[in-house]
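Just so you know, ligand 1 is whichever comes first in the structure, and atom 1 is the first atom listed for that ligand. The analysis underlying the following values was restricted to heavy atoms, covering all of them including side chains, and did not include hydrogens, waters or symmetry mates. Throughout, numbering of the chain's residues begins at 1 and tracks the sequence.
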Amino acid sequence: MPIAAPGWRVERLRQVGSTNDEARDRARDGDPGLLLIIAEEQLSGRGRRGRQWHSPPGNLYCSALLRPGMPPQEAGLFSFVTAVALAAAIDECAPAASALLTCKWPNDLRIAGAKLSGILLESGARPDGGLDHLIIGTGVNVRFVPDGATERYPATCLADHGQDDPEAVAAAYLVHLADWCSRFAAEGFAPVRRAWLDRAEGLGAAITVRLGREELQGRFLDFGHDGALMLERPDGSVRTIVSGEIVQTVPAT
Ligand SMILES: O=C(O)CCCC[C@@H]1SC[C@@H]2NC(=O)N[C@@H]21
């Protein structure tokens, strides 16, 4: 199956440091965007919050370079665009995983509570402060669970759900990413938010959110129209969280 979508170019590399770095280099060289860079292996793959992303051959490592004409503060919404696109791709190429697939705020996909993929957004600014480019780095565990999974942070891979071909996952992902990017540009965040909410993990549940070094407890009240997590605190106040990650979910009884 070809890895292709209308208007997009695909660059395939065997071994890189990080596909996000490759995409940043293309951006600095003036690439117009709508470029997906895929590598078989990364030697210095990175995750959110400075974590390492182990990237030997067998899983999917790719970065999309975009030049969306939008204010930098809105670019973070692409993490949800990417999550819903990837979920649609997994529905298609690993249907056995579909019923168990959830979106964990802000942008992890999980299967039955174990992490399947991670998304790392990076951007570059113009001298006037506007958004120059956006890079969406995506790692999907296809053939194996990489080092680093623990009891507190379990992980899974698609091979356990009937799909072990990173090419098939990349092909489906690009089609749905292209589609969701177009839809986001034409219709705004509302359809993305609805699709994300259809698979939201922990809505209404007691959760722990990590913000830097601080951890906050509360109830996951809502997913805002701006992508924020609304956390109801034990004292009844509501805190709007725009950046952080859910580290624990206790389902409502
Ligand atoms: O911490 C996370 O959950 C995000 C992980 C993102 C990993 C991907 S793999 C392709 C791209 N290149 C990188 O170095 N990181 C991202």
>> Show the atoms of ligand 1 that are less than 4.0 angstrom away from any heavy atom in N20.
In response: 11 (C), 12 (N)
>> For a 4.5 angstrom cut-off between non-hydrogen side-chain atoms, does E11 reach R26?
In response: yes
> With a 4.0 Å heavy-atom cut-off (strictly under), which part of S55 contacts ligand 1: side chain, backbone, both or neither?
Replying inline: neither
>> Can you see whether W196 has R193 sitting over its ring - NZ or CZ less than 6.0 Å from the centre and within 45° of the normal?
In response: no
> Is the F223-F80 ring centre distance short of 6.0 angstrom?
Replying inline: yes
>> Below the 3.5 angstrom mark, is there an N/O of S18, backbone or side chain, next to an N/O of ligand 1?
In response: yes
>> Quiz question: by atom type and distance under 3.5 Å, do the side chains of E41 and S55 form a donor-acceptor pair?
In response: no
> In the protein, which heavy atom is nearest to atom 15 (N) of ligand 1, and how far is it?
Replying inline: R46 O, 2.7 Å
>> Quick check: K115 and ligand 1, any N/O pair under 3.5 Å apart?
In response: yes
>> Could you tell me if T19 and Q42 have a donor-acceptor pair between their side chains, going purely by distance under 3.5 Å?
In response: yes
> Strictly by modelled atom types, are S237 and D235 linked by a side-chain donor-acceptor pair under 3.5 Å?
Replying inline: yes
> Is R48 in polar range of ligand 1, meaning some N or O pair under 3.5 Å apart?
Replying inline: yes
> Short list, please: which atoms of ligand 1 are under 4.0 Å from a heavy atom of G47?
Replying inline: 1 (O), 2 (C), 4 (C), 5 (C)
> When you measure from atom 5 (C) of ligand 1 to every protein heavy atom, which one gives the shortest distance, and what is it?
Replying inline: W53 CE3, 3.4 Å
> Can you list the atoms of ligand 1 that are under 4.0 Å from a heavy atom of G45?
Replying inline: 14 (O)
> Closest non-hydrogen protein atom to atom 12 (N) of ligand 1, residue and atom name please, with distance?
Replying inline: Q42 OE1, 2.8 Å
> Hey, does S117 come in under 3.5 Å of ligand 1, counting only N/O atoms on both sides?
Replying inline: no
> Given that the side chain starts at C-beta and the backbone is N, CA, C, O, which of these parts of I119 lies under 4.0 Å from ligand 1, counting heavy atoms, or is it both or neither?
Replying inline: backbone
>> So that I can tick it off, tell me whether R24 and E122 are bridged by a salt bridge, with the cut-off set at under 4.0 angstrom between side-chain N and carboxylate O.
In response: no
>> Under 4.0 Å, counting heavy atoms only: does R49 come that close to any atom of ligand 1?
In response: no
>> Between ligand 1 and T19, is the shortest N or O to N or O distance under 3.5 Å?
In response: yes
> Is the shortest side-chain N to carboxylate O distance from R239 to E232 below 4.0 Å?
Replying inline: no
> Between R143 and D164, is there a donor-acceptor pair closer than 3.5 Å when you use the side chain of the first and the backbone of the second?
Replying inline: yes
